[in-house]
Amino acid sequence: MHSGAGEHRGLNGMEKRNRRPSMAEVAQHAGVSHQTVSRVINGFAGVRPQTKERIEAAIAELGYRRNNAARTLVTRRSGLLGVIAAGSFLYGPTSTLAGIEEAARHRSYTTLLATIREGAQQEFENAIGVCLDRAVEAIVVIAAQEDVMRYLSSLSVDVPVIVVGPDPHELPSLATMSVDQNEGARLAVRHLLELGHRRIVLLSGPERWVDAAQRTKGAVEECAAAGVDPVVVHGDWTPASGYRLGREIAERAEPEGALAVFAANDAMALGLLSALHEARVEVPGRVSVVGFDDIPEAEFFTPSLTTVRQDFTELGHRVVEAVMAEVDGQEADLTPVPPTLSRRGSTASACG
């Protein structure tokens with residue numbers, strides 16, 4: 001009898017713990033009114049800091065979770081941010097997506113994510129429709145490829161749209177945000193020029209990619225300003241394309257002086273380094289190599305890779321801040337995120 005009653009009480013206790021607590025219970029636990037709890041949950045001002053802390057402690061202790069449908073009715077905001085990523089799961093776009101999701105979560109927003117295939121305009125339009133049907137407050141589009149910019153050029157929706165990737169002049173009708181790809185490429189080439197290199201190869205990304213075009217443009221312009229005529233080789237973002245270039249370099253006759261390569265992403269730089277290592281071409285003795293992205297493994301390449309770092313956490317933060325400003329009818333700060341150069345062991349003076 002006693003054992004059964006104990007189990008019964010235990011089951012009751014379990015049921016009570018598993019049931020979602022109400023806002024009224026939070027209010028009772030914190031010793032405040034239902035309206036005060038509502039103000040804290042929905043982000044309204046006018047609640048004393050001590051009271052807010054007490055309510056937040058009660059929410060944490062009871063495991064209260066906000067009812068988003070009710071929140072929408074009260075605030076006329078859904079707490080949803082639509083994010084559409086098109087055509088790529090490479091390091092840059094994926095890291096951008098992660099940075100945006102993290103920043104949105106810190107602002108108590110939920111991301112509604114849609115990924116679409118390359119060249120799939122109908123999928124893109126369907127994704128926009130789903131976002132609007134779910135009453136998102138704004139839409140972020142990660143536009144890795146030029147096809148997406150074409151879709152966006154005729155987009156007309158009644159919520160703010162932030163496009164991540166293009167320069168402002170490429171989509172003048174929409175707000176754009178990015179890491180400054182042009183400046184990043186200039187940093188890479190400037191580093192090689194300062195080391196005395198005059199024989200420079202630019203291993204670019206695919207032509208239809210937004211980042212590839214910006215990086216190539218910046219690198220070519222930086223070379224031209226120094227009176228250097230670079231050799232441009234088209235890659236495809238993969239280590240294999242870097243490896244092919246490395247084999248070509250290794251199979252040439254002895255070069256007239258040191259050679260420098262700017263690879264437009266770290267994956268291609270990895271393939272390049274692998275081919276040069278196999279052929280026993282010294283890096284950086286005979287060939288200096290700079291990459292782009294600063295992936296977590298770059299520091300552990302052989303040799304460690306000099307590369308351009310993109311701060312995707314900062315990019316995500318700025319994108320979400322711009323979204324919040326647009327939602328509130330304020331002017332968004334769309335200043336590009338500055339890249340930095342991580343100097344490591346793959347570059348050296350052209351003089352040896």
Side-chain angles (χ1 to χ4, degrees), residues 88-95 181 184-185 187-209 211-212 215-216 218-220 222-223 228-310 339-352:
S88 172
F89 294 96
L90 296 174
Y91 178 76
T94 302
S95 299
Q181 305 294 315
L187 284 175
V189 172
R190 194 176 305 144
H191 173 62
L192 295 173
L193 293 169
E194 289 171 351
L195 290 172
H197 289 281
R198 308 292 292 179
R199 300 177 64 246
I200 296 178
V201 177
L202 307 178
L203 178 56
S204 74
E207 292 183 277
R208 293 185 298 105
W209 285 68
D211 288 352
R215 292 172 197 176
T216 300
V220 169
E222 192 68 21
C223 284
V228 171
D229 186 15
V231 175
V232 179
V233 178
H234 293 290
D236 61 7
W237 293 139
T238 67
S241 60
Y243 185 88
R244 287 191 293 269
L245 175 61
R247 296 301 304 175
E248 290 178 20
I249 292 173
E251 290 167 3
R252 291 177 188 167
E254 283 297 314
E256 300 174 2
L259 183 70
V261 181
F262 167 45
N265 80 340
D266 288 349
M268 293 193 296
L270 172 60
L272 175 66
L273 290 174
S274 178
L276 295 176
H277 176 74
E278 285 181 8
R280 298 185 179 180
V281 175
E282 292 184 8
V283 178
R286 181 174 153 192
V287 181
S288 284
V289 179
V290 181
F292 202 111
D293 281 334
D294 200 9
I295 63 175
E297 300 84 2
E299 187 177 357
F300 304 99
F301 286 5
T302 303
S304 58
L305 183 64
T306 296
T307 183
V308 177
R309 181 175 185 272
Q310 304 191 75
T340 57
L341 183 70
S342 298
R343 294 176 175 84
R344 299 194 181 104
S346 64
T347 52
S349 169
C351 300

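Counting from 1, the numbers follow the sequence of the chain as shown.
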With rounding to the nearest 0.5 angstrom, report the [atom1] to [atom2] distance, [X] to [Y].
X	Y	atom1	atom2	result
Leu193	Cys223	CG	SG	6.0 Å
Ile200	Leu259	CD1	CG	9.0 Å
Arg190	Leu195	CZ	CG	13.0 Å
Leu245	His234	CG	NE2	12.5 Å
Leu203	Thr216	CG	OG1	9.0 Å
His197	Thr347	NE2	OG1	7.5 Å

Looking at [X] and [Y], what are the two nearest heavy atoms and their distance?
X	Y	result
Thr307	Ala298	CG2-CB, 4.3 Å
Ala212	Pro206	CB-O, 3.2 Å
Ala258	Ala350	CB-O, 3.7 Å
Pro303	Ser346	CG-CA, 3.8 Å

>> Give me each pair satisfying salt bridge (Lys or Arg N to Asp or Glu O under 4.0 Å) with a member in residues 287-303, each pair once, sequence neighbours excluded.
In response: Arg215-Asp293, Asp294-Arg344
>> Can you see whether His191 engages Thr306 through a side-chain donor-acceptor pair at a distance of less than 3.5 angstrom?
In response: no
> Name the one of Val261, Val189, Val231 that satisfies side chain to side chain contact (heavy atoms under 4.5 Å, CB included) with Leu202?
Replying inline: Val189
> Hey, what's the ring geometry for Phe262 with Phe292, parallel, tilted or perpendicular (30° and 60° as the breaks)?
Replying inline: tilted
Return a table of donor-acceptor pairs under 3.5 angstrom between the side chains of residues 268-284 and protein atoms on other chains or two or more places apart.
residue: Glu278; atom: OE1; partner: Tyr243; partner atom: OH; Å: 2.6

> Under the 3.5 angstrom rule, does the side chain of Ser288 hit a backbone N or O of Ala260 as a donor-acceptor pair?
Replying inline: no
> Is there a donor-acceptor contact under 3.5 Å from the side chain of Asp266 to the main chain of Ile295?
Replying inline: yes
